[in-house]
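Hydrogens, waters and symmetry mates play no part in the numbers below; they use all other heavy atoms, side chains included.
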Amino acid sequence: MTQHEKEPADDASIGPIRRGKFSIQNRYFDFHGPVFWTSSIVALAFISVTLALGTQVDNIFSTIQDGVSTYTGWFFIIAVNLFLLFCIYLAFSRFGEIRIGGEKATPEFSKFAWFSMLFSAGMGIGLLFWGVGEPITHFINNPFSQGQDADAAQTAMQITFLHYGLHAWSIYAVVGLAIAFFAFNKKLPLSIRSIFQPILGSKIHGWIGDLIDVLAVVSTLFGLATTLGFGVQQIAAGLNHLFDIPDTTISQVILIGIITMAATVSVILGLDKGVRVLSEFNIRLAAALLVIVVLAGPTLFIFDSFVQNTGNYAQNLLQLSLWTESYRMEGAWQNSWTVFYWAWWISWSPFVGMFIARISKGRTVKEFILGVLLVPTLLTFFWISAFGGTALFQELQLNSVISEAVQENVATALFVMVESFPASFFINLLAISLVVGFFVTSSDSGSLVVDSLTSGGKLDAPVGQRIFWAQMEGLVAAVLLLGGGLAALQTASILAGFPFAIIVLIMCYSLYKGLQEEHESLQRKDEGRQREAYTELVRNVLKRRSENQATKSSPAKAAETIDARKVDKQDDDKQEIGTQHKDVADSSAQKSPSTNGATTTNPTKEESSANPSSS
């Protein structure tokens with residue numbers, strides 16, 4: 001066994017256990033060579049090829065997307081449904097009470113801060129970009145209904161809920177729980193490779209573990225680049241809508257550079273001072289925008305539709321989640337929507353999962369899963385009901401032109417919808433600010449995650465390394481926009497999502513084995529504590545019973561024992577009284593005149609009158 005593959009030493013801290021060849025450790029960089037260099041080379045090669053192909057790359061990306069989606073769509077559908085079922089099983093199984101970090105671990109963040117970071121990292125830009133655009137797009141055209149009427153509106157909301165609902169968050173829950181459990185409970189590096197320790201053993205520290213982490217880094221880079229690409233497209237569309245700034249690919253690339261620099265500042269500040277503070281600010285800004293839309297829009301319709309949309313989603317969840325477009329002979333609607341979404345969430349899951357793991361220490365398995373699945377999902381549903389519902393209401397009741405704007409440029413959907421509100425200019429400005437905030441939190445959170453993966457599991461990589469990955473993420477997003485816009489972004493997600501979907505399926509089995517071992521260990525500890533408590537209880541009972549039996553079987557002896565104790569007590573009392581008398585006598589002797597001729601002084605007049613014996 002080589003030095004790179006030998007067993008790790010025991011370490012109570014979470015961090016890298018060994019370093020591979022070509023690793024660097026100094027003030028500015030501290031990385032695990034095989035993962036860092038391989039991931040960097042793959043990213044740079046992709047950038048170089050995309051720029052070299054020029055205009056041809058658009059057609060290439062479209063062909064690749066169609067091919068992969070067509071032949072692997074069924075696999076994505078099955079995999080994502082299995083992830084959700086696995087989460088539900090874990091939450092209500094015997095593993096639900098296992099605490100991340102150990103029995104005595106406590107949460108590091110309040111629930112408000114925890115949910116804020118979950119929502120910001122998991123869905124932020126996607127909801128702003130597609131919250132209006134997707135329901136309107138499905139309203140115009142979907143495979144389940146014909147015509148732009150109320151039935152089409154309900155169907156549009158069901159499809160959108162599917163893409164942003166329990167299935168999406170179950171992917172994040174599986175990956176996040178697996179990373180957190182093996183890092184905080186098993187004291188392994190905070191890395192994707194650690195999850196496979198029950199299957200691979202010490203091989204996770206060899207080339208197989210390096211390969212797993214490389215796939216995770218590449219998947220994170222492309223999934224994150226897709227999100228950042230959507231974000232910058234929406235920012236550019238908003239600036240064009242408000243200030244007539246040209247919305248071109250070059251302007252989008254410039255915006256990526258500017259916002260990436262802002263994200264770099266947050267990355268330098270770290271998780272607690274940068275990401276957490278900005279995430280909480282984003283959630284407050286998002287709440288303000290949501291309240292404005294609810295109050296300025298069709299308030300009653302929003303609340304009514306939220307209830308009805310949620311009921312329709314629950315009623316048709318099984319059918320929608322297993323639909324594979326089998327009997328549609330023309331078109332490939334699902335490839336551009338459901339398959340893309342599942343691939344996008346999976347490709348983004350190393351980043352979101354790692355981030356959720358870092359902020360979830362102290363939560364039980366049940367609390368973690370239900371918190372990740374239910375709270376963000378309900379918030380997302382209400383958000384879509386407010387924004388998408390308002391847009392659909394305008395289409396159905398007010399003959400709005402949102403559908404025309406969406407067909408022309410989906411990134412303008414939100415800004416066109418807000419035009420019907422009072423003070424629309426300031427509301428749109430608020431929306432643009434929120435997109436920028438989500439862009440920054442997504443970028444710096446992704447940088448922290450990639451830093452951890454490429455450094456072998458370190459929680460706090462050097463500043464120089466954080467800056468490097470923040471710039472790399474922005475560069476990949478810019479190149480994807482140059483290479484084909486939306487089609488390129490979708491292709492990148494699908495290509496990265498497919499291999500990692502296989503890894504996540506294996507991850508479920510490995511996590512099950514790890515939780516089973518942990519549960520058995522906790523059971524043995526509980527049985528040991530119960531055995532000790534029972535043994536002590538039996539010992540005390542037998543002791544008392546023995547004393548009682550001795551008293552009942554020999555009353556005379558017991559009486560003699562009591563009398564003897566009384567005599568001993570009387571002797572002790574007499575001895576104590578004698579001792580007290582002796583002490584008093586000794587004290588008096590010290591105060592009386594000396595009998596051996598020593599010089600004494602006569603008492604004063606007051607002393608003589610106060611002492612009868614002296615007179």
Side-chain angles (χ1 to χ4, degrees), residues 73 76-91 115 118-139 142-144 153-177 223 227 286 290 302-303 305-324 333-334 336-349 352-353 356 368-389 392 493 497 501 504:
F76 281 110
I77 300 297
I78 292 176
V80 173
N81 280 282
L82 289 177
F83 298 151
L84 179 57
L85 292 175
F86 183 65
C87 285
I88 295 172
Y89 165 75
L90 290 183
F115 290 136
L118 284 178
F119 190 79
S120 294
M123 290 291 179
I125 290 179
L127 278 180
L128 283 167
F129 190 89
W130 292 111
V132 175
E134 182 170 352
I136 292 298
T137 302
H138 299 325
F139 175 73
N142 71 76
F144 302 103
Q154 291 187 61
T155 302
M157 296 301 281
Q158 288 183 45
I159 296 171
T160 308
F161 273 32
L162 172 69
H163 295 157
Y164 283 88
L166 296 173
H167 288 80
W169 286 99
S170 69
I171 300 169
Y172 298 155
V174 168
V175 179
L177 177 60
T227 301
L290 178 62
I302 289 173
F303 284 101
S305 64
F306 168 67
V307 175
Q308 184 170 334
N309 294 335
T310 305
N312 290 336
Y313 168 77
Q315 181 180 0
N316 299 297
L317 179 61
L318 186 62
Q319 178 184 357
L320 282 175
S321 62
L322 292 174
W323 186 74
T324 57
W333 178 91
Q334 193 175 45
S336 300
W337 289 103
T338 306
V339 173
F340 158 68
Y341 267 114
W342 295 165
W344 186 17
W345 301 146
I346 291 171
S347 67
W348 216 23
S349 63
V352 180
I356 293 175
F368 178 94
I369 290 177
L370 295 183
V372 173
L373 284 184
L374 297 182
V375 176
T377 296
L378 290 176
L379 288 174
T380 300
F381 285 177
F382 188 74
W383 180 283
I384 295 173
S385 296
F387 286 78
L392 289 172
S493 291
V504 178

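Separation of atoms OH (Tyr341) and OG (Ser336) is listed at 11.5 Å; rounding is to 0.5 Å. Distance check: Ile346 CD1 to Ile171 CD1 gives 4.5 Å after rounding to the nearest 0.5 Å. Leu322 CG to Asn81 CG: the interatomic distance, rounded to the nearest 0.5 Å, is 4.5 Å. Put simply, OG1 on Thr324 and CZ on Phe76 are 14.5 Å apart, with the number rounded to the nearest 0.5 Å. One finds the OG atom of Ser321 at 10.0 Å from the CG atom of Leu166 (value rounded to the nearest 0.5 Å). Between atom OG1 of residue Thr338 and atom CG of residue Leu320 there is a gap of 8.5 Å, rounded to the nearest 0.5 Å.
Taking both residues in full, the closest heavy atoms of Ala153 and Leu392 are given as O-CD1, 3.8 Å, listed atom of the first, atom of the second, then distance.
Two residues are said to be in side-chain contact when any heavy atoms from C-beta on lie closer than 4.5 Å; Leu162 and His167 meet this criterion. A heavy-atom distance below 4.5 Å is not found between the side chains of Phe83 and Trp169. The shortest side-chain heavy-atom distance between Val80 and Trp345 does not fall under the 4.5 Å cut-off. The shortest side-chain heavy-atom distance between Met157 and Ser305 does not fall under the 4.5 Å cut-off. Asn309 places none of its side-chain heavy atoms less than 4.5 Å from the side chain of Tyr313. Taking 4.5 Å as the limit, some side-chain heavy atom of Leu177 sits within range of a side-chain heavy atom of Ile369. Proximity of Trp337 to Asn142: side-chain heavy atoms (C-beta onward) are nowhere separated by under 4.5 Å.
Scanning for side-chain contact (heavy atoms from CB on, under 4.5 Å) contacts around Gln315 gives Asn312, with sequence neighbours left out. Under the side-chain contact (heavy atoms from CB on, under 4.5 Å) criterion, Leu378 pairs with no residue at all, not counting sequence neighbours.
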Would Phe381 and Phe306 count as a ring pair (Phe, Tyr, Trp, His ring centres under 6.0 Å) here? Give the steps. CA-CA 7 Å; Phe381 285 177; Phe306 168 67; 7.6 Å; no

Determine, stepwise, if the pair Trp333 / Ile159 fulfils side-chain contact (heavy atoms from CB on, under 4.5 Å). CA-CA 12 Å; Trp333 178 91; Ile159 296 171; 3.7 Å; yes

Working note: Ile384 + Glu134, criterion side-chain contact (heavy atoms from CB on, under 4.5 Å); need CA distance, chi angles, decisive distance, verdict. CA-CA 10 Å; Ile384 295 173; Glu134 182 170 352; over 6 Å; no

Could you check Gln308 against Gln154 for side-chain contact (heavy atoms from CB on, under 4.5 Å), going step by step and ending with a plain yes or no? CA-CA 9 Å; Gln308 184 170 334; Gln154 291 187 61; 3.1 Å; yes

side-chain contact (heavy atoms from CB on, under 4.5 Å), that's the test. Do Thr310 and Phe161 meet it? Break it down for me. CA-CA 8 Å; Thr310 305; Phe161 273 32; 4.1 Å; yes

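Checked against a 6.0 Å centroid threshold, the rings of Tyr164 and Trp383 do not count as neighbours. Note: Trp130 and His163 fail the aromatic proximity criterion, with ring centroids not under 6.0 Å apart.
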